[in-house]
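In what follows, a structure is listed as structure tokens, so that the remarks can point back to it.
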Amino acid sequence: MSTEEDSRLKAERIRKLKSLQEEGVNPYPYFFSRTHKAAQLQKIYEHLESGVETQDVVSVCGRVMNERNTWMFVDLFDDSGKIQLFCHKDNLSPEDLKRLRLCDKGDFIGATGAIRRTKQGELSVKVTSYEILTKSLQPLPDSWQGFTDVEARYRHRYVDMIINPAVRETFRKRSLIIKAIREFLDNKDFFEIETPVLQVEAGGADARPFTTHHNTLDMNLYLRIATELHLKRLIVGGFERVYEIGRVFRNEGISTRHNPEFTMLELYAAYGDYNELMNFTEEMLIAAASTVCDGTDILYGDKEINLARPWKRIRMVDAISSMTGIDFNSLNYEEAKKAANKLGVDTKELNSRGYVINEVFETLVEPTLWHPTFIIDYPVEVSPLTKAHRENPGEVERFELFVAGRELANGYSELNDPEDQRRRLEQQVQKKAAGDLEAMPMDQDFLLALEYGMPPAMGLGVGIDRLVMFLTNSQSIRDVIAFPTMRPIGESSN
RNA sequence: GCGCCCGUAGCUCAGUGGUAGAGCACUCGGCUUUUAACCGAUUGGUCGUGCGUUCGACUCGCACCGGGCGCACCA
């Protein structure tokens with residue numbers, strides 16, 4: 001897509017712009033008094049018969065998307081839909097008629113006239129006066145052939161949205177999903193509290209952070225990779241139910257499932273455990289789904305996902321066992337390693353039993369979990385912020401929710417024993433020292449907070465982008481992020 | 001980071017060593033109750049960028065820029 005100053009098509013539009021200005025017409029006026037949106041009119045006059053004209057005068061406005069018969073018929077789109085303008089020479093002044101030729105597809109127009117339905121059945125406004133509300137200088141892609149170049153669509157998302165209604169629909173649904181989650185949580189007495197994006201140490205998840213710098217303090221800071229540690233401080237501070245829906249940043253690969261900045265919901269509730277949290281998660285996600293999907297079967301790609309409750313819950317070692325026939329529960333580190341290798345799982349970098357089990361699960365089981373499934377009871381090594389399992393040594397009370405072979409949510413009984421938490425973070429620090437760039441840093445203030453006492457609590461994280469992907473049948477995370485991260489082209493463009 | 005593929009007009013795409021093409025859009029004219037209106041005539045390009053090979057490069061080679069998909073990392 002060219003934005004060259006000397007583009008011929010742009011020059012043509014500037015010529016029209018100048019003509020308007022020479023006639024004393026402001027191509028960028030300040031307001032327009034609209035009486036109806038397109039969809040409103042389509043509904044009100046749903047039963048108006050073809051060829052019938054009313055005396056009802058309305059004012060509509062929107063973007064011109066198509067024009068036929070030398071501007072006699074104009075397709076005008078607002079955010080609700082389409083209304084046709086009927087611009088017949090008998091109804092317009094000679095000046096207005098002539099000025100129509102200075103309009104282009106893409107311009108915003110406001111028009112007033114009586115409602116009628118054409119013989120062909122198209123609901124129309126018989127225009128008696130109109131006004132150019134914004135002159136568009138860039139030619140739009142052909143609306144019939146479409147706008148399909150993936151790179152151009154992401155770089156110029158506004159054009160994508162103008163041309164491809166499904167893109168707008170996806171973001172409308174995204175908004176409804178997030179709104180539904182907020183309503184659900186607000187109705188359950190949660191408070192939404194914002195926590196810092198800029199942090200001295202980025203903790204709460206295994207991920208590489210972005211770095212930035214504060215000039216006045218002359219110090220390096222990290223962009224947050226999770227909201228967990230601050231939200232838990234709020235539980236210490238006396239809030240019993242808190243959440244944040246916020247952007248987090250992870251300096252890792254980009255793919256159809258990963259964007260460097262993405263939106264995460266994290267919530268924490270005192271006095272609950274992971275068992276209660278699974279019920280809660282089911283209820284919340286179904287509430288979100290029901291605002292944009294009908295029923296409990298949703299189509300993703302060419303397969304259906306069944307959201308009907310209750311969702312399957314299965315211990316990680318049992319899930320592995322039912323798939324491979326091997327009970328890792330009874331194996332020590334060396335035995336587990338051997339068994340994993342036999343299954344074709346690479347264990348070279350894995351220096352404890354828990355990592356091996358987790359790796360076997362992620363490699364062999366995770367991709368097969370299509371319908372919503374809670375995998376519960378994780379190895380302690382992969383869960384440094386989770387409370388020890390009340391019965392099973394070496395395990396923690398954690399679940400992850402998988403849908404369509406991908407992780408969608410992560411929840412647990414929160415570790416609130418400050419001594420245990422200190423030991424776990426010390427292990428992370430050792431890993432970091434050994435070169436693990438994703439290991440968590442020490443956070444002394446967080447430990448101090450736990451020493452003041454955090455009540456037993458349940459905590460959940462949900463990847464909002466991935467949730468929206470499932471509920472809008474989007475195959476790439478970039479389809480649910482309005483302005484996905486892109487490399488800039490050239491020096492002046494971005 | 002690795003592998004494979006892609007980049008030609010505003011949009012969608014052909015062309016693969018010998019003068020840069022089509023449809024739609026745009027402009028002009030005709031027509032006028034259309035449903036991608038129609039008819040006619042024009043116009044529009046550093047073929048992603050650079051360096052090579054060649055008498056000659058959109059085409060072949062190398063490098064670079066940007067993108068897609070897969071793998072890796074991860075949510």
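These numbers were taken from a predicted model, which means no experiment stands behind them. Convention: sequence-line order gives letters A, B, ...; per-chain numbering from 1. All values below were derived from every heavy atom in this structure, side-chain atoms included, with hydrogens, water molecules and symmetry-related copies excluded.
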A/Arg8 has a side chain; which of B/U33, B/G68, B/U43 sits nearest to it?
B/U43
Regarding A/Gly461, tell me which of base, sugar-phosphate or nothing describes its non-hydrogen contacts under 4.0 Å with the strands shown.
nothing
Quick one: on RNA chain B, does A/Pro139 or A/Met72 contact a more 5' nucleotide (nearest heavy atom)?
A/Pro139
Toward the 5' end of RNA chain B, by each residue's nearest nucleotide, A/Lys16 or A/Asp142:
A/Asp142
Checking contacts here: which listed nucleotide (B/G67, B/C31, B/U33) is nearest the side-chain heavy atoms of A/Arg155?
B/G67
Selection from B/G70, B/G67, B/C13 that lies nearest to any side-chain heavy atom of A/Arg487:
B/G67
Under 4.0 Å, counting only non-hydrogen atoms across every strand here, what does A/Asp75 touch: a base, just sugar-phosphate, or nothing?
nothing
Using whole Å, what does the distance between atom P of nucleotide B/U32 and atom CZ of A/Arg101 come to?
15 Å
Quick one: sort the A/Phe73 and A/Phe86 rings into parallel, tilted or perpendicular, breaks at 30° and 60°.
tilted
Can the ring centres of A/Phe361 and A/Phe402 be said to be less than 6.0 Å apart?
yes
Which part of the nucleic acid, if any, lies within reach of A/Gln120 when heavy atoms closer than 4.0 Å are counted: base, sugar-phosphate only, or nothing?
base
Would you mind reading off the distance between A/Ile14 atom CD1 and B/U27 atom P, rounded to a whole angstrom?
14 Å
Just how far, in rounded Å, is P of B/A75 from CD1 of A/Ile254?
16 Å
Regarding A/Thr70, tell me which of base, sugar-phosphate or nothing describes its non-hydrogen contacts under 4.0 Å with the strands shown.
base
Please tell me if A/Lys105 has a side-chain N or O lying less than 4.0 Å from either OP1 or OP2 of B/C26.
yes
Going by modelled atom types, is there a donor-acceptor pair between the base of B/U33 and the side chain of A/Glu122 at under 3.5 Å?
no
With a 4.0 Å cut-off on heavy atoms, is A/Arg116 in touch with a base, just the backbone sugar-phosphate, or nothing at all?
base
Value in whole Å for how far the P atom of B/A75 lies from CG of A/Leu265
16 Å
For A/Gly253, answer base if it contacts any base atom (sugar-phosphate contacts may also be present), sugar-phosphate if it contacts only those atoms, and nothing otherwise; contact means non-hydrogen atoms under 4.0 Å.
base
Categorize A/Asp90 for me: base, sugar-phosphate, or nothing, with a 4.0 angstrom heavy-atom threshold over every strand shown.
nothing
For A/Arg406, which contact category applies under a 4.0 Å heavy-atom criterion: base, sugar-phosphate, or nothing?
nothing
From the list A/Leu176, A/Ile177, A/Ile305, side-chain contact (heavy atoms from CB on, under 4.5 Å) with A/Leu471 holds only for A/Ile177
Pairing partner of B/C2, by Watson-Crick or G-U wobble and under 3.5 Å for both distances, is B/G70
Would you measure the distance from the C1' atom in B/G17 across to the matching atom in B/C47 and give it in whole Å?
15 Å
Testing B/U34, B/G10, B/A75 for proximity to the side chain of A/Thr118, the answer is B/U34
Nearest-Å distance, NZ (A/Lys10) to P (B/A9)?
18 Å
If you count heavy atoms of other groups shown closer than 6.0 angstrom to OH of A/Tyr154, is the number above 12?
yes
Taking the six-membered ring for Trp, are A/Tyr274 and A/Phe399 parallel (under 30°), tilted (30 to 60°) or perpendicular (over 60°)?
parallel
From the list B/C28, B/U34, B/C24, which nucleotide is the closest neighbour of the side chain of A/Asn69?
B/U34
Find the partner of B/G7: check Watson-Crick (N1-N3 plus N6-O4 or O6-N4) and G-U wobble (N1-O2, O6-N3) distances, both under 3.5 Å, and reply none if neither fits.
B/C65
Of the candidate nucleotides B/U35, B/G10, B/C73, which contains the atom at the shortest distance from the side chain of A/Arg68?
B/U35
Would you say B/A37 has OP1 or OP2 under 4.0 Å from some side-chain N or O of A/Asn66?
yes
Between A/Phe483 and A/Tyr158, does a ring-ring contact (aromatic ring centres under 6.0 Å, His included) hold up when you go through it step by step?
CA-CA 9 Å; A/Phe483 303 100; A/Tyr158 36 88; 7.5 Å; no
Side chain of A/Val150 only, heavy atoms from C-beta on: which candidate in B/G68, B/G10, B/U33 is closest?
B/G68
Residue A/Glu151, side-chain heavy atoms: nucleotide from B/G66, B/G70, B/U33 that is nearest
B/G66
Within the structure shown, what part of the strands sits under 4.0 Å from A/Glu438 by heavy-atom distance: base, sugar-phosphate, or nothing?
sugar-phosphate
May I ask you to say what A/Asn410 touches in the nucleic acid, namely base, sugar-phosphate or nothing, with a heavy-atom cut-off under 4.0 Å?
nothing
Are A/Phe280 and A/Tyr243 close enough that their ring centers fall under 6.0 Å?
no
Watson-Crick/G-U partner (both atom distances under 3.5 Å) of B/C60:
B/G52
In this structure, how many angstroms lie between the C1' atom of B/G1 and the CG atom of A/Asn251, rounded?
13 Å
Separation of B/U33 atom C1' from A/Glu49 atom CD, nearest Å, is 18 Å
Carboxylate-amine/guanidinium contact A/Lys98 A/Glu23, below 4.0 Å
no
Contact class for A/Met486 (heavy atom, under 4.0 Å): base, sugar-phosphate, or nothing?
sugar-phosphate
